[in-house]
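For clarity, every value in this text was computed on a predicted model and none was experimentally measured.
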Amino acid sequence: MIDEALREISRGCAEIIDNERVEKLLKNYFEEGKTYTVKAGFDPTAPDLHLGHTVLLQKLATFQKYGGRVQFLIGSFTATIGDPTGKNATRKVLSKEDIIKNIKSYTTQAFKILDESKTEIVYNDDWLGQMSAADMITLASNLTVARMLERDDFSKRFKSNTPIATSEFMYPLLQGYDSVYLKSDIEIGGTDQKFNLLMGRQLQKAYDIKKQQAVLMMPILEGLDGVAKMSKSLGNYIGVADEANDMFGKVLSISDELMWRYFELLSDKSLDEIARLKEGVANNTLHPKKVKEDLAIEITTRFHDEKAAQNAKAEFEKVHAKNQIPTDIELFSCDGDIWIAKALVDCNIEPSTSQARRDIKQGGVKINQEKVFDDKLQLSTGEYLLQVGKRKFAKLKVN
RNA sequence: GGUGGGAUAGUCAAGUGGCCAACGACGGCAGACUGUAAAUCUGCUCCCUAUGGGUUCAGAGGUUCGACUCCUCUUCCCACCA
């Protein structure tokens with residue numbers, strides 16, 4: 001039992017620090033029914049979760065299966081500083097109102113994966129906001145500047161003459177102090193959080209918490225480009241709240257290489273089964289597209305439902321494999337004749353008339369399925385199906 | 001506090017009086033090829049109904065026929081010294 005739980009917990013993990021502690025906690029749970037706390041922090045800097053976040057959430061859900069009580073920490077205080085991790089510039093600081101707004105959509109999305117009854121939502125504003133200047137100084141004395149500058153992200157910024165705000169130095173300390181306050185047994189986060197996560201252990205020791213938290217790190221999920229970390233600001237993400245069609249399409253657009261990564265970190269399939277699929281693709285008994293489709297179905301089903309996922313698949317085939325037009329196309333209308341470039345801009349499928357003209361000249365624009373090359377074309381009364389590239393569509397009714 | 005260096009398009013980064021809407025790289029968009037994949041190749045990449053016009057090189061002034069380039073002030077960043 002314990003072994004099975006351990007295996008499931010360590011699946012996909014990049015690193016576990018203090019594995020013994022994890023084992024002990026599990027043992028206590030299975031033998032005496034004792035629960036334990038698992039902390040994970042989330043910065044409400046963006047209102048929407050994406051699959052990168054769900055890697056952590058799924059891991060938390062696994063812990064919940066085996067006696068873990070999740071401390072879902074909203075960094076309501078720390079968000080006002082901005083986590084410097086992995087950033088090469090000081091992050092923009094959020095206003096209180098933005099944060100509150102973000103939290104709500106954040107948690108509803110999270111509970112698509114987490115068991116709400118085993119989750120406690122905590123805000124670090126509650127304790128960090130109470131700290132006095134003296135408390136801060138005491139906290140800060142736990143860390144030297146030299147150590148801080150050892151951090152890769154800071155040292156890079158330092159070397160490249162990118163500014164580092166002093167407040168950013170406080171970030172790891174505050175995150176670590178959260179673990180002190182919450183007396184967390186385990187904390188999980190991305191590998192890029194290692195420094196911050198370990199700070200929790202160090203501070204728990206400094207503040208005389210008997211047991212230091214175990215730390216479990218998950219790999220960072222690459223975004224759709226397969227290179228950079230999935231993030232909203234880079235636009236390479238699949239959002240939890242994405243429409244089924246988008247979600248399906250986005251998964252299918254990832255490279256074959258990246259697909260295995262997504263399988264490992266996002267799929268519920270067993271590692272054995274994934275290995276089998278991989279082998280099948282390698283020896284040509286399985287078509288990679290088929291395998292990717294299954295993954296897309298699985299992920300889409302998780303956030304929508306089976307039916308929506310199947311519809312998305314059918315829609316996708318229709319639009320892309322058979323080159324037909326999608327079912328739902330946004331309809332626009334205008335009065336009087338309209339210049340084609342202007343029409344494309346008005347329908348939000350081109351950013352500027354200049355860009356529209358360029359695309360037209362390059363054969364990237366279709367009207368009613370026919371390529372157009374005349375960038376001076378006027379559309380007179382009637383209904384038109386406008387298309388830019390492969391995936392931007394709009395219907396326009398000219399009155 | 002002192003001294004010196006810097007700020008250029010989405011990002012990095014050339015340009016040091018007219019040849020500059022500004023080299024190049026990356027990113028992005030479109031086309032070809034495909035499995036809407038990847039890789040590759042080609043074109044484009046400030047805005048504007050455009051062989052032309054407009055607004056750009058941190059901000060404000062100035063010198064000049066002409067400024068991203070020179071001068072002054074301001075803001076921000078960096079380095080060294082204190």
Side-chain angles (χ1 to χ4, degrees), chain A residues 86-90 92 149 154-166 168 222-229 231-238 245-263 278 280-282 284 286-297 300 312-326 334 336-346 348-367 370-380 386-393:
Chain A
K87 297 283 160 187
N88 38 33
T90 304
K92 193 177 133 253
L149 282 174
F154 279 141
S155 77
K156 267 188 195 144
R157 279 166 62 178
F158 196 67
K159 279 181 195 143
S160 68
N161 295 345
T162 315
I164 302 172
T166 309
E168 291 180 83
E222 291 85 354
L224 300 173
D225 52 30
V227 182
K229 166 182 176 175
S231 85
K232 181 148 185 165
S233 50
L234 292 176
N236 61 353
Y237 69 104
I238 300 179
N245 284 343
D246 281 348
M247 203 177 266
F248 187 92
K250 282 182 185 175
V251 175
L252 225 54
S253 79
I254 64 175
S255 71
D256 292 356
E257 188 72 17
L258 187 61
M259 159 171 85
W260 301 115
R261 188 85 171 138
Y262 277 38
F263 260 115
K278 205 166 178 175
V281 169
N284 285 324
L286 277 172
H287 195 292
K289 193 192 175 202
K290 170 81 180 69
V291 178
K292 205 184 289 173
E293 263 173 9
D294 288 347
L295 175 68
I297 291 272
T300 309
K313 183 182 168 183
E315 180 74 12
F316 184 88
E317 301 258 312
K318 184 180 161 193
V319 178
H320 301 290
K322 298 182 185 151
N323 261 324
Q324 292 171 343
I325 56 167
C334 69
D337 289 7
I338 185 165
W339 175 41
I340 175 69
K342 184 86 170 54
L344 293 168
V345 174
D346 286 352
N348 295 327
I349 51 178
E350 283 286 20
S352 70
T353 56
S354 296
Q355 180 66 43
R357 291 162 59 106
R358 277 179 222 121
D359 283 340
I360 290 168
K361 283 180 190 149
Q362 296 186 89
V365 173
K366 289 182 189 173
I367 296 180
E370 298 282 333
K371 281 190 183 179
V372 194
F373 291 98
D374 179 9
D375 67 348
K376 290 199 166 70
L377 188 70
Q378 293 288 330
L379 298 179
S380 49
L386 307 175
Q387 180 180 359
V388 177
K390 284 171 189 153
R391 44 180 117 172
K392 282 173 285 188
F393 292 89

Cation-pi check, Lys250(A) onto Tyr237(A) ring (under 6.0 Å, within 45° of axis):
yes

Give Leu258(A) one of three labels, base, sugar-phosphate or nothing, depending on what nucleic acid heavy atoms sit under 4.0 Å from its own.
nothing

Do the side chain of Glu317(A) and the main chain of Val319(A) share a donor and acceptor less than 3.5 angstrom apart?
no

Could you measure between the two C1' atoms, the one in U69(B) and the one in U64(B), and give it in whole Å?
13 Å

Expressed as a whole number of Å, how far does the C1' atom of U40(B) sit from that of C33(B)?
9 Å

What's the separation between atom CZ in Arg358(A) and atom CG in Asp375(A), rounded to the nearest 0.5 Å?
11.5 Å

Lys289(A) has an atom NZ; how far is it from atom C1' of A38(B), in whole Å?
15 Å

Sugar-phosphate atoms are those with a prime plus P, OP1 and OP2; base atoms are the rest. Using that split, label each nucleotide of nucleotides 40-47 of chain B B, S or - for protein heavy atoms under 4.0 Å, 5' to 3'.
---BSS-S

Using a heavy-atom cut-off of 4.0 Å across all strands, would you classify Gly249(A) as base, sugar-phosphate, or nothing?
base

For nucleotides U72(B) and G53(B), find the distance between their P atoms and express it as a whole number of Å.
35 Å

What form does the base of A60(B) take, syn (within 90° of 0) or anti?
anti

Categorize Glu317(A) for me: base, sugar-phosphate, or nothing, with a 4.0 angstrom heavy-atom threshold over every strand shown.
nothing

Side chain of Lys392(A) - closest among G35(B), U49(B), C29(B):
C29(B)

Mind checking who U11(B) pairs with, Watson-Crick or G-U wobble, both distances under 3.5 Å?
A25(B)

Residues forming a side chain to side chain donor-acceptor pair (under 3.5 Å) with Arg391(A), sequence neighbours excluded
none

Re G52(B): Watson-Crick or G-U wobble partner, both distances kept under 3.5 Å, found to be C48(B)

Considering only atom P, compute the distance from G62(B) to G15(B) and round it to an integer number of Å.
29 Å

In whole angstroms, the gap separating P of U49(B) from CD1 of Ile340(A) amounts to 13 Å

Who pairs with Arg357(A) by side chain to side chain donor-acceptor pair (under 3.5 Å), at least two apart in sequence or on another chain?
none

Say you pick atom P in C71(B) and the same atom in A82(B); how far apart are they, in whole Å?
30 Å

Taking any heavy-atom pair under 4.0 Å as a contact, classify Lys342(A): base, sugar-phosphate, or nothing.
nothing

Checking only heavy atoms, does the side chain of Asp256(A) share a donor-acceptor pair with the base of G35(B) at less than 3.5 Å?
yes

The side chain to side chain donor-acceptor pair (under 3.5 Å) partners of Asp294(A) (sequence neighbours excluded) come to Lys290(A)

Between G31(B) and A50(B), how far apart are the C1' atoms? Round to whole Å, please.
23 Å

P atoms of C46(B) and C65(B), separation to the nearest Å
33 Å

Does the side chain of Lys366(A) get closer than 4.0 angstrom to OP1 or OP2 of A30(B) through an N or O atom?
no

What residues, two or more places apart in sequence or in another chain, satisfy salt bridge (charged side-chain N to carboxylate O under 4.0 Å, His left out) together with Glu293(A)?
Lys289(A), Lys313(A)

Using the C1' atom in both, what is the distance from A39(B) to U49(B), to the nearest Å?
39 Å

Please classify the nucleic acid contact of Lys376(A) as base, sugar-phosphate, or nothing, using heavy-atom distances under 4.0 Å.
nothing

Test of understanding: with side chain to side chain donor-acceptor pair (under 3.5 Å), list the residues that count as partners of Asp346(A), not counting sequence neighbours.
Lys342(A)

